[in-house]
Structures are given as C-alpha cells and as structure tokens.
Asker: 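I have a structure I would like to understand better, so I am pasting it below and will then ask my questions one at a time.
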Amino acid sequence: MNESSREQKAALRLRIREALKRLPASGWRAASAQACARLQQERIWREAGSVLLYVPLADELDIEPLLQEALLEGKELALPHFKLEEQEYLARRVLDLTQDLRPGRFGIPEPKDGCVEVPLKQLDLVVAPGVGFTLDGRRLGRGRGFYDRLLALVGGVKCGIGFDEQIVDEIPAESHDIRLDCILTPTRWSPVVQGAVIK
C-alpha cells in the first residue's frame, strides 16, 4: 500500500469512528435491530443454508440476534476462527453459542478448536463487518487485511453491514481489496452489480 493511500484510509477510519461516537446508545441498539430485521426480509438470507456471521466488537453493528436466528432456522452457522500459524481466518461451524465459543486471538469470541471447519467456497452468505463502506461494494477494514483474505476465498454472496454513518462516497482501492456483492444498513439494502448499485 502506498503512503498516500494508507494516510487516506487512516483519516477515513478516524472520521467514521468520530461519527459513530455521536450515536446515542439507544440509537445504536435501535439501528442494530432494524438492520437485522432488514436482512431477514431479504431473499438471500431466507434461502441461505450456510452463513458466516461475526461476533460484534463494541464499535460494530450488533448482529447477535442473527446468530440465534440462524440456529433457530436450521442454517449452518459459521463464525471466523483465527489461525495463528497461518495468520488468517477460516470458518468453523457453531451449534451452541454458549458451549462452542472461546476468546480468540483478538479477544473476540470464536469457535473453539473442536468445531468443524466449513469450507469458505461452500458458504451461501457472508455478513462482513467493516469500518466503512461505499455503495459500489468497497469495504474499509481495520487495516490488517485478514478479512480481505477470507473474503477472497468465499464462494457465496458477500454482504457488508454497518450503520448509515459508515457509508462514504469513496474508499481508496488496493489490489488486495475485495469488492462486496451488497451493502446493508438499518435504512437500505443495496445490491451491487458490476460496480453499479441496483435501485
């Protein structure tokens, strides 16, 4: 990554995080619930047999209700598991959110080692967090590239999810950045086709 692009991304992360700090806790909860409900209405969620979700960090949209809902609906639920040796994420299946999770490499609950690995190519849907998104499918991560390497191997639909405050006009693109197939916020569902947003 060149220095100019790195600086632009750092400034953008700071700007978005400042915007999120202005969201009241009640608004945070309501927006998270609204986004979860919106995703459940979409055909891609209803038809997905296998989904890769995430356990949210404190500054991410809370999709924990979707984890429970996926299990209740009989979906194959997977969560990211960080492999220290390879410095990359893989997907492991979760059957019980109480028994199957342990604190992972970054303090995020992850599937324990005994959970079965789910091939990324077999996933129907991946719901990906990020710091920022554009409506043409670009994603701004936390800067380490771990999630981009995971997304590069996914065979199904890649959906970015975040607050409306995380939508920006432009994100500097790098060769390793993966374009998402759709963007979901509490107020909109934006499929992306060849760089153009379907209205």
Asker: Going from NZ on Lys75 to OG on Ser50, what distance comes out if it is rounded to the nearest 0.5 angstrom?
Answerer: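 Rounded to the nearest 0.5 Å, the NZ-OG separation comes to 9.0 Å.
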
Asker: Can you tell me how far apart CG (Leu101) and CZ (Arg92) are? Round to the nearest 0.5 Å.
Answerer: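 Nearest 0.5 Å value for the CG-CZ distance: 12.5 Å.
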
Asker: If hydrophobic clusters are built from ILVMFWY residues whose side chains come within less than 4.5 Å, do Leu67 and Leu57 share one?
Answerer: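 Cluster IDs for Leu67 and Leu57 match.
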
Asker: Below 4.5 Å, heavy atoms only, C-beta onward: do Thr134 and Val168 meet side chain to side chain?
Answerer: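 With C-beta onward as the side chain, the pair touches.
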
Asker: Evaluate the criterion side-chain contact (heavy atoms from CB on, under 4.5 Å) for residue pair Asp124 and Glu76; output intermediate values, then yes/no.
Answerer: CA-CA 10 Å; Asp124 296 321; Glu76 181 179 57; over 6 Å; no

Asker: Just so I know, are the side chains of Val154 and Val126 near enough to count as touching, which here means a heavy-atom distance under 4.5 Å?
Answerer: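 Yes, their side chains come closer than 4.5 Å.
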
Asker: Answer yes or no: is there an ion pair linking Lys83 with Asp113, defined by an N-O contact shorter than 4.0 Å?
Answerer: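 Looking at Asp113 together with Lys83, the answer is no, because their closest N to O distance does not fall below 4.0 Å.
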
Asker: Can you find a heavy atom in the side chain of Arg102 that is under 4.5 Å from one in the side chain of Glu110?
Answerer: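 The answer is no; the side chains never approach within 4.5 Å.
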
Asker: Tell me, with the steps shown, if Ile63 and Ile161 meet side-chain contact (heavy atoms from CB on, under 4.5 Å).
Answerer: CA-CA 9 Å; Ile63 66 161; Ile161 190 169; 3.8 Å; yes

Asker: If I take atom CD from residue Gln166 and atom OG1 from residue Thr185, how far apart are they, to the nearest 0.5 angstrom?
Answerer: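 Reported to 0.5 Å precision, the distance equals 9.5 Å.
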
Asker: Closest heavy-atom contact between Pro80 and Leu52?
Answerer: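 Here Pro80 and Leu52 meet closest at N-CD1, 3.7 Å.
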
Asker: Looking at side-chain heavy atoms only, is the closest gap between Arg38 and Trp45 below 4.5 Å?
Answerer: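 Contact flag for Arg38/Trp45 side chains = no.
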
Asker: Look at atom CD of Glu170 and say whether more than 12 heavy atoms of other residues, nucleotides or ligands are closer to it than 6.0 Å.
Answerer: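 For Glu170, atom CD is not crowded (no more than 12 foreign heavy atoms under 6.0 Å).
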
Asker: Has the side chain of Arg179 got a donor or acceptor atom that lies under 3.5 Å from a matching backbone atom of Asp136?
Answerer: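 Indeed, once roles are kept as given, a pair shorter than 3.5 Å links the two residues.
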
Asker: Give a yes or no on this: more than 12 heavy atoms of other residues, nucleotides or ligands lie within 6.0 Å of atom CZ of Arg15.
Answerer: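 No, CZ of Arg15 has 12 or fewer neighbouring heavy atoms, counting only those of other groups under 6.0 Å.
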
Asker: Leu95 and Asp100: side-chain contact (heavy atoms from CB on, under 4.5 Å), yes or no, with the steps?
Answerer: CA-CA 7 Å; Leu95 300 173; Asp100 291 348; 3.7 Å; yes

Asker: Please report the shortest heavy-atom distance between Pro129 and Arg139, naming the atom on each side.
Answerer: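 Smallest heavy-atom distance, with atoms named: O-NE, 2.7 Å.
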
Asker: So which of Val55, Leu90, Val94 actually passes side-chain contact (heavy atoms from CB on, under 4.5 Å) with Pro111?
Answerer: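 Answer to the side-chain contact (heavy atoms from CB on, under 4.5 Å) test with Pro111 among Val55, Leu90, Val94: Val94.
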
Asker: Give, for atom CD1 of Ile16 and atom CG of Leu140, the distance between the pair rounded to the nearest 0.5 Å.
Answerer: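 So the CD1 of Ile16 and the CG of Leu140 are separated by 5.5 Å.
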
Asker: Roughly how far apart are Leu53 CG and Leu39 CG, rounded to 0.5 Å?
Answerer: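 That separation rounds to 8.0 Å.
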
Asker: Would you call Lys21 and Glu165 a salt bridge, taking side-chain N to carboxylate O under 4.0 Å as the test?
Answerer: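 No.
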
Asker: Closest heavy-atom contact between Ser32 and Phe163?
Answerer: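 Taking Ser32 first and Phe163 second, the nearest heavy atoms are OG-CZ, 3.8 Å.
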
Asker: Considering all heavy atoms of both residues, which atom of Leu61 and which atom of Pro56 are nearest to each other, and what is their separation?
Answerer: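 Scanning both residues, the minimum pair turns out to be O-CB, 3.6 Å.
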
Asker: Given side chains that start at C-beta, do those of Leu180 and Val192 come closer than 4.5 Å, heavy atoms only?
Answerer: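 Result no, sub-4.5 Å side-chain heavy-atom pair not found.
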
Asker: Do Asp62 and Arg29 have side chains that get closer than 4.5 Å, going by heavy atoms?
Answerer: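 Asp62 vs Arg29: side chains apart.
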
Asker: Stepwise, does the side-chain contact (heavy atoms from CB on, under 4.5 Å) test hold for Trp189 with Cys159?
Answerer: CA-CA 10 Å; Trp189 167 259; Cys159 179; 3.9 Å; yes

Asker: Is Asp96 atom CG crowded by more than 12 heavy atoms from other residues, nucleotides or ligands, each under 6.0 Å away?
Answerer: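 Enclosed: over 12 neighbouring heavy atoms sit under 6.0 Å from CG of Asp96.
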
Asker: State, yes or no, whether a side-chain contact exists between Leu123 and Val157 at a heavy-atom distance under 4.5 Å.
Answerer: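 Not in contact.
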
Asker: Of the non-hydrogen atoms in Ala128 and Leu151, which two are nearest, and what is the gap between them?
Answerer: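 So the two residues come closest at CB-CD2, 4.3 Å.
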
Asker: For the side chain to side chain donor-acceptor pair (under 3.5 Å) test, which of Gln8, Arg6, Glu7 pairs with Ser4?
Answerer: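 Single pass found, and it is Gln8.
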
Asker: To the nearest 0.5 angstrom, please state how far the CG atom of Leu184 sits from the CD1 atom of Ile44.
Answerer: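 Answer rounded to 0.5 Å: 12.5 Å.
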
Asker: Do Arg142 and Tyr147 come within less than 4.5 Å of each other through their side chains, counting heavy atoms only?
Answerer: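 No, their side chains stay 4.5 Å or more apart.
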
Asker: Could you label the plane-to-plane angle of the Phe82 and Tyr89 rings as parallel, tilted or perpendicular, counting under 30° as parallel and over 60° as perpendicular?
Answerer: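 Perpendicular: the ring planes of Phe82 and Tyr89 meet at over 60°.
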
Asker: Looking only at heavy atoms, which two atoms of Ile171 and Leu12 are closest? And how far apart?
Answerer: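 Result for this residue pair: CG1-CD2, 3.9 Å.
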
